[in-house]
Each structure stands twice: as C-alpha cells, then as structure tokens.
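Right, one structure below, let's go through it.
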Amino acid sequence: MRILTVCGSGLGTSFMVEMNIQQLLNEMGVNGVEVDHSDLGSATPERADVFFLAKDIAEGGASLGNVVVLDNIIDLNELKTKLTAVLKEYNLL
Amino acid sequence: MDKFLKVLVDVLSEPSVLIALIALVGLLAQRKSLSDILRGTTKTFVGFLVISAGAGVLAGALAPFGEMFKAAFNVSGIVPNNEAIVALAVNEYGSSTALIMFFGMIVNLLIARFTRFKYIFLTGHITLYMSCMISIILTVSGFTSVPLILFGALTVGIFMSLSPAVVQPFMRKLTGNDNVALGHSGAVGFAVGGWVGMLVKGKKEITSTEKINFPKGLGFLRDSTVSIALTMAVFYVVVALFAGADYVESNLSDGKNHILFALLKAGTFSAGVFVILSGVRLVLAEIVPAFKGISSKIVPNSKPALDVPIIYTYAPNAVLIGFFSSFAGGIVSMLIMAMTGGIVILPGVVPHFFTGSAAGVFGNTTGGVRGAILGSFANGVLISFMPILLIPAFGELGLANATFSDSDFGVVGVFLSGLYNMGGKMFTMIGIGLVLLIMLLVSLRKQNSKAEQASEI
C-alpha cells in the first residue's frame, strides 16, 4: 500500500507527517507500506492509495480519493488512531 | 600524491557530491541497509542538480522581468522568493552552503544538549536557505575556508536554537503546552505579530477571529504553483504595460505580443520554483530524518521546532486575515518605495502567506481580531523593508532581482553585515561568539536558580 502526505508546498509539514507515519509503522511492526510526501499541486489520485493532509488544505485535496484529514497535525494520538483505521481497512493490521 | 589531492579537492568543492556525502554520513550513522544507502545518496546527489537546473529556468524568467521593470520605472524591482535566490546562489556558494548546513545542525544539537535552549530545528529547507544566505554574506565579508565554515555553522546553529525561542512564549499561549516549537525563518515577524496584538488589545474582552464568519473558498491559494503563477502574472503584465509594447517586442520578446510574453514568463517563473522545490525535496529527503533520529538519541528532552502550518488549524480565520493584511502591508510598503524612488521590493504571495498567516494567528492569540489585522500588517511592512537593508550585504547577488523573503533572513543578515561594517571580520567573529556566550550564561543562571530552589526545599 502507498501513503502520500500532502501540504501546501510539500516541504515541511507533509515531510513531518511522513516521518511520524514511518515511526508509527515501525512501532506497530507493519511492513509493506510506502510513504512519501508531496505538494498539493503535484498530488494526483494515482500517486497513492491513501492521502493524509491537514484540515486547512482539505478543501484543495478533496478530489484525491481516499483522503484522511488530520484536525491537529502535531497530535500523534490522532495520527495513530486514523492510521490504524487505514491499516485495518487494507488488512495490514 | 598531488594529483590525488587535486581530485579530492575537486570532488569536495562540487556541491552536489558534497551534499550526497553528507546524506551518506547520515544514512551510515543510522545503520541503514545497503540499498537504502545507495538510493538515498543518489537521490540527494540528483536533487542538488535539479536545483541547479531549476535555477536556469528561473533565471530565464527573472532577467526579462528585471529589464522590463527598469525600462518601465527606471528603478530596480526585486522579487523576494527564497527558492529563487537560493537557486541562483547555489552554483557559486553551494559547497560552503552544504558544509555550513551540516556543521550548523551539529551546533544546533550541541546547543540543545548543553544549554536551556532545547529546540531541535527540523524545518530542513529553512536550514538550507539560511545556510546559503550566511554563506553569501560571510564570503562577501572576506571569510574563506575553515573560518567561513566555522563561523557560518555557529551562526546557523544559533539561529536554529534562538529563532524558535523567540516565538515560544506565544506558542505556549496558543497550544497550551510547551512540547512543540515553531521552526521557521519568520520568527521575528511572528513575535512582532504577537507583540502588536498585546499592544492593541484594549481593555475590553478580546474578540477572536474565529468568532466571525469569514468566506472560505480560497483554498487554491495553498497550491504554491497556482498562487505564484497568478500573482507573478499580475506583476509581469503590469510591468510589461508600463514598459510598453515597443520596448518589449523589440528588445525582449523577438516580436511576440508583449502581454503574451509577460504571461509566458510569469508561468516560467512558477515553473522554475516548481523544479527547484522538487530538488529541495530530494536533497532533504535523507538529511532531515537522519538529523531527527540522531537528535532524539543525543538530546532526549528536546523540543522539535516544526514548520509553520502546524499552527494554522488553531485559528483558520486568522490565517486568511493574516495573509490579506500582511499582503496589504507589502503593497503599502511597495507604494512608499516607489514614491521615494529607491529600489522596489514586490510583495510575494508565498512569504506573505506563510509568515503573514502566522503573525495573524499569534496576533489573534494576544489581541483578537484587531491583533490579527495589525500584527500581520506589521509583519508585512517588516518583510518588505528588511530586504532593502540586505542588498549591499549580498555583493553582486544583491543585483539579482530576487532576494530572501522572511524576517529572520533580514535580522541575521543585518546582524552579520552590520558587525562587518562596524569593524571588519574581527567584529563579525566577536559578535557571533558573544551571542553564544550570552546563551551559555543565561543557561547557567537558570540552572543555578533551579539548584537554589531545590536546596531551599
């Protein structure tokens, strides 16, 4: 499965969320998930199965497909809950 | 032996190779697998070359803009855009930038380990851009080789530790805890937003921006490719109109219609930034996670300083109000510069968005709606006039029609070039050393007072 994290210019925030997802995946011992980050402009539906983005750009990313919106991007607990749900959906957990 | 040495020097003065080696060190330190090491090192190497390629695209759009602006208004017009100026500087200053960044991150780790400034600055692109600016200014000030890297790295490391500290009082108020910090080059502007908010809040209960209804539907502004292309199109077309069809078509566009030419070049500008951003992303892909991993081992009680959008969700209305108000500050400043007949700094949509919105959020935290509007306006004025002070410090690059955009570039740049102008290289070195010493003394005093408190109990 592929996850793409997205933010306005694809430099800082999306990269941070990507690193947090990697860390959570390691902690949960989940393999076979590719995580990458991108700017809003280059994010297209075929680039990933699931897209993680913050609430403030949810409007711009709505057309991407399977989108997970984070209310608070620094809240690791929220990320963990939402990531777990996604992993269960894809039978990886 | 001499031949070998020459090859070694050649290799190490090639910035793309140097930055790839830094990534390699990071990957080795994390004990990654061979395939990860090979992939990561190669991507970093290619990423740097992508930045250089983007610089070529961007220069092709920036040069005619500069010429049209001169022809139209008889003064220079400068676009503040970090990606643009970094890419233009990277061929000449790339090697020193890479080394200053690498050792600067180590200085940041050491400061976090041994002083009370516990911030680990994780916004990698800002570290890269700041290292580039410091490399330019110190080189123009006559620094070379080891002193250039040493004092450059010290300055970057100090910036990485102090900049989050400046905003932290407001971050605590906004987030309600002290665990996360803000790592961005707009810190002084954000703090100004917060201070202005405190000044204007008045005696009555403050009204938060989030209590008012504000139109949505400006989400496309968050797509930097779109927002840069649109705003640059406005600037290019206006400048082309003032320069006149005759001038543009006979000197620049080879007979092509001047409006069409302006639109194409505005698009090319955005294309250049797009390419540069992809390069920056590749360059940082391995370096930042390595830095994060190592920092969590060496400084376990550190506070991560993260990119500015982490605060946007706390006050979405203040984000939009802050952007518009900061941009208005930029336009007012531009008109003042145009009337006084000096160099004109154009209001860039990217810096006003990212820094204005944050100044708005902090202005709202301390002073409600009034704080958000006036605080971000002050940030807009600040980031418009700061670049003018920097131009002489950049030597030849000061004339490049592009410059660094956020407030901290101005503060660090003016600090370094001001010291140099007062007393040459010696003053620069003493100044940097003094700041570091003050940070150490502040930490010692705090530790003492903590120890005293403990002994009283």
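Residue numbers start from 1 in every chain, and the chains themselves are labelled A, B, ... in the order their sequence lines are given, proteins ahead of strands.
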- Item | Student check: side-chain heavy atoms of A:M16 and B:V288 closer than 4.5 Å |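 A side-chain contact under 4.5 Å is absent here.
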
- With the side chain counted from C-beta on, respond yes when B:E83 and A:L11 share a heavy-atom pair under 4.5 Å apart, and no when they do not.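 Side-chain contact under 4.5 Å: yes.
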
Taking every non-hydrogen atom, the tightest pair across [X] and [Y]:
X: A:I73; Y: B:P309; answer: CD1-O, 3.8 Å
X: A:G12; Y: B:D307; answer: CA-OD2, 3.4 Å
X: B:T313; Y: A:N72; answer: OG1-CA, 4.4 Å

- Item | Part of B:F353 within contact of chain A (heavy atom distance under 4.5 Å) |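 For B:F353, there is no contact with chain A at all, as no heavy atom is under 4.5 Å.
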
- Look only at the side chain of B:R281 and the backbone of A:S38, and say whether a donor-acceptor pair between them is shorter than 3.5 Å.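 No, because the side chain of B:R281 does not come within donor-acceptor range (under 3.5 Å) of the backbone of A:S38.
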
Got a second to check how far [X]'s [atom1] is from [Y]'s [atom2], nearest 0.5 Å?
X: A:Q23; Y: B:K292; atom1: CD; atom2: NZ; value: 4.5 Å
X: B:S278; Y: A:D39; atom1: OG; atom2: CG; value: 7.5 Å
X: A:I74; Y: B:I310; atom1: CD1; atom2: CD1; value: 4.5 Å

- Task: Taking atom CD of A:E46 as the centre, report whether more than 12 heavy atoms of other residues, nucleotides or ligands fall under 6.0 Å from it.
- Result: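 Counting neighbours around CD of A:E46, more than 12 heavy atoms of other residues, nucleotides or ligands fall under 6.0 Å, so yes.
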
- CG (A:N31) with more than 12 external heavy atoms under 6.0 Å: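 Open: at most 12 neighbouring heavy atoms sit under 6.0 Å from CG of A:N31.
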
- Message: Run the side chain to side chain contact (heavy atoms under 4.5 Å, CB included) test on A:F15 and B:L122 for me, step by step, so that the C-alpha distance in whole Å, both residues' side-chain angles and the decisive distance to 0.1 Å come before the verdict.
- Response: CA-CA 10 Å; A:F15 197 5; B:L122 290 176; over 6 Å; no

- Task: Would you mind telling me which of B:L306, B:V350, B:V319 has the largest number of heavy-atom pairs within less than 4.5 Å of chain A?
- Result: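 The candidate making the most pairs under 4.5 Å is B:L306.
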
- Query: Measuring heavy-atom distances to chain B, does A:D36 have an atom under 4.5 Å in its side chain, in its backbone, in both, or in neither?
  - Reply: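 Neither part; nothing is under 4.5 Å.
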
